[in-house]
Amino acid sequence: MDSAMTSSAPAGMARHWRARPSAPRVGIIGIHGPEATACIQVLLEAGMSLTAWTRRPDSAWAKRLARRGVVVRPLGTAGEPAGPEQEVRPLDWLLICPGQRLAAPTCDLTGVSDACWPVESGRALEFAPAGLRPTPRRHPERSVIRLPTAVVLERWFDTPMRRAIRRGFLPIPQRNGDALRLISAHEIAEVALALCGEGLSLEAATGRLAGESTPIPAVLAACRSLVERPVRRQRRSIASFGLGMGREWALMAPLVVEPLPMNCTVADENCVMLDPMLDRIRRLSW
């Protein structure tokens with residue numbers, strides 16, 4: 001953990017981080033989704049200076065971030081004016097994260113002042129999970145690089161999925177193969193940290209955001225160990241995902257199509273590097 005974190009905070013109080021004097025200035029649009037939540041936590045621990053734009057600046061999470069030193073500013077949706085900017089300075093990096101709900105109205109990037117926009121090209125990045133359409137751009141001159149991610153683990157194992165697993169079923173789209181390509185929000189945050197620290201190229205970041213091809217039998221085994229009961233695969237139509245499992249599932253389910261890697265058997269878990277993914281599943285609050 002970075003030395004910028006104060007270690008003398010009394011027990012029971014929220015931990016506070018302070019930005020390093022030479023730390024990059026990073027802006028984040030959207031703060032309530034799992035990708036943004038993980039990125040903010042990792043960047044704060046690294047001592048980055050953070051500015052966040054959100055449509056819900058009065059939310060409990062936004063107020064908590066403000067107390068931890070994040071500059072929180074309001075952001076309008078399409079057709080809505082954003083709040084006034086204060087102390088505008090160019091950012092080193094701007095990260096655009098999906099909101100808490102993937103099907104929510106898209107944000108309007110015109111809400112970010114031109115004075116805040118990164119001066120260097122290639123410094124505005126959008127993390128777009130499977131199924132999410134690119135954010136509309138009102139100003140083509142504002143170049144935004146879209147970095148697609150695999151299915152985000154925290155979105156896949158949402159509340160409806162957990163309920164189904166507790167009943168002994170793992171719903172799987174009918175059109176998928178024998179594996180799921182998954183990534184955790186924390187892994188996305190590590191990529192964001194490496195990019196903002198200029199320790200990772202965009203090509204390497206794209207490769208890391210592709211996630212891991214995880215055999216479905218291995219996912220079933222992990223679910224079995226968590227609920228301590230048999231869990232079997234249940235094929236569901238895309239329509240049923242949209243009706244019963246939430247909008248995120250309806251968006252992502254058609255894209256969860258990934259065969260097993262070549263020369264890899266279902267039992268050979270090492271060849272798909274399952275350990276990090278399974279560790280994230282074990283930490284979910286069931």
Side-chain angles (χ1 to χ4, degrees), residues 33-35 38 98 102 127-132 147-191 204-286:
E35 302 91 338
L102 292 181
F127 295 107
L132 187 63
L147 298 177
T149 74
V151 175
V152 180
L153 187 63
E154 287 80 356
R155 292 188 184 275
W156 184 261
F157 288 93
D158 59 6
T159 300
M161 173 72 91
R162 298 178 197 181
R163 291 173 181 168
I165 293 173
R166 283 197 292 265
R167 294 194 298 268
F169 299 99
L170 177 67
I172 297 293
Q174 287 180 345
R175 291 188 291 179
N176 77 288
D178 295 325
L180 301 177
R181 188 168 276 279
L182 300 172
I183 189 171
S184 72
H186 186 78
E187 290 172 303
I188 295 175
E190 292 295 337
V191 172
T206 301
R208 287 180 55 177
L209 292 172
E212 298 295 342
S213 181
T214 305
I216 290 175
V219 180
L220 287 171
C223 293
R224 248 180 243 119
S225 66
L226 289 170
V227 299
E228 298 181 349
R229 63 170 298 175
V231 178
R232 63 186 179 88
R233 176 174 176 167
Q234 182 184 55
R235 293 186 179 274
R236 301 293 294 271
S237 68
I238 302 302
S240 68
F241 274 87
L243 291 173
M245 297 295 176
R247 290 174 290 183
E248 281 79 1
W249 283 42
L251 287 169
M252 295 187 294
L255 301 180
V256 187
V257 183
E258 182 69 30
L260 282 173
M262 188 177 297
N263 302 324
C264 176
T265 64
V266 170
D268 188 8
E269 298 179 357
N270 291 331
C271 72
V272 289
M273 296 182 288
L274 269 176
D275 288 342
M277 191 281 297
L278 293 179
D279 182 60
R280 294 297 168 188
I281 293 181
R282 295 187 187 101
R283 294 184 186 184
L284 291 172
S285 55
W286 298 80

Nearest non-hydrogen partners of R155 and G33, listed with the distance | NH2-CA, 4.0 Å
dist I183:CD1 -> T149:OG1 (nearest 0.5 Å) comes out at 6.0 Å
Can you name the residues that form a side-chain contact (heavy atoms from CB on, under 4.5 Å) with Q234, not counting sequence neighbours?
-> F169, P171, R236
Non-hydrogen side-chain atoms of I165 and L226 separated by less than 4.5 Å | no
One should read off an interatomic distance between S184 OG and E35 CD, to the nearest 0.5 angstrom, of 10.5 Å
Would you give the length of the straight line joining atom CZ of R233 to atom SG of C223, rounded to the nearest 0.5 angstrom?
-> 12.5 Å
Distance col, row L170:CG vs R232:CZ, nearest 0.5 angstrom, shows 11.0 Å
Side-chain donor or acceptor of R162 paired with backbone N/O of F157 under 3.5 Å = yes
Is the closest side-chain heavy-atom distance between L209 and E187 below 4.5 Å?
-> no
Listed partners of R229 passing side-chain contact (heavy atoms from CB on, under 4.5 Å), at least two apart | V227
Using modelled atom types only, decide if a donor and an acceptor are shared between the side chain of E154 and the backbone of A185 within a distance under 3.5 Å.
-> yes
Partners of A210 by side-chain contact (heavy atoms from CB on, under 4.5 Å), sequence neighbours excluded?
-> R181
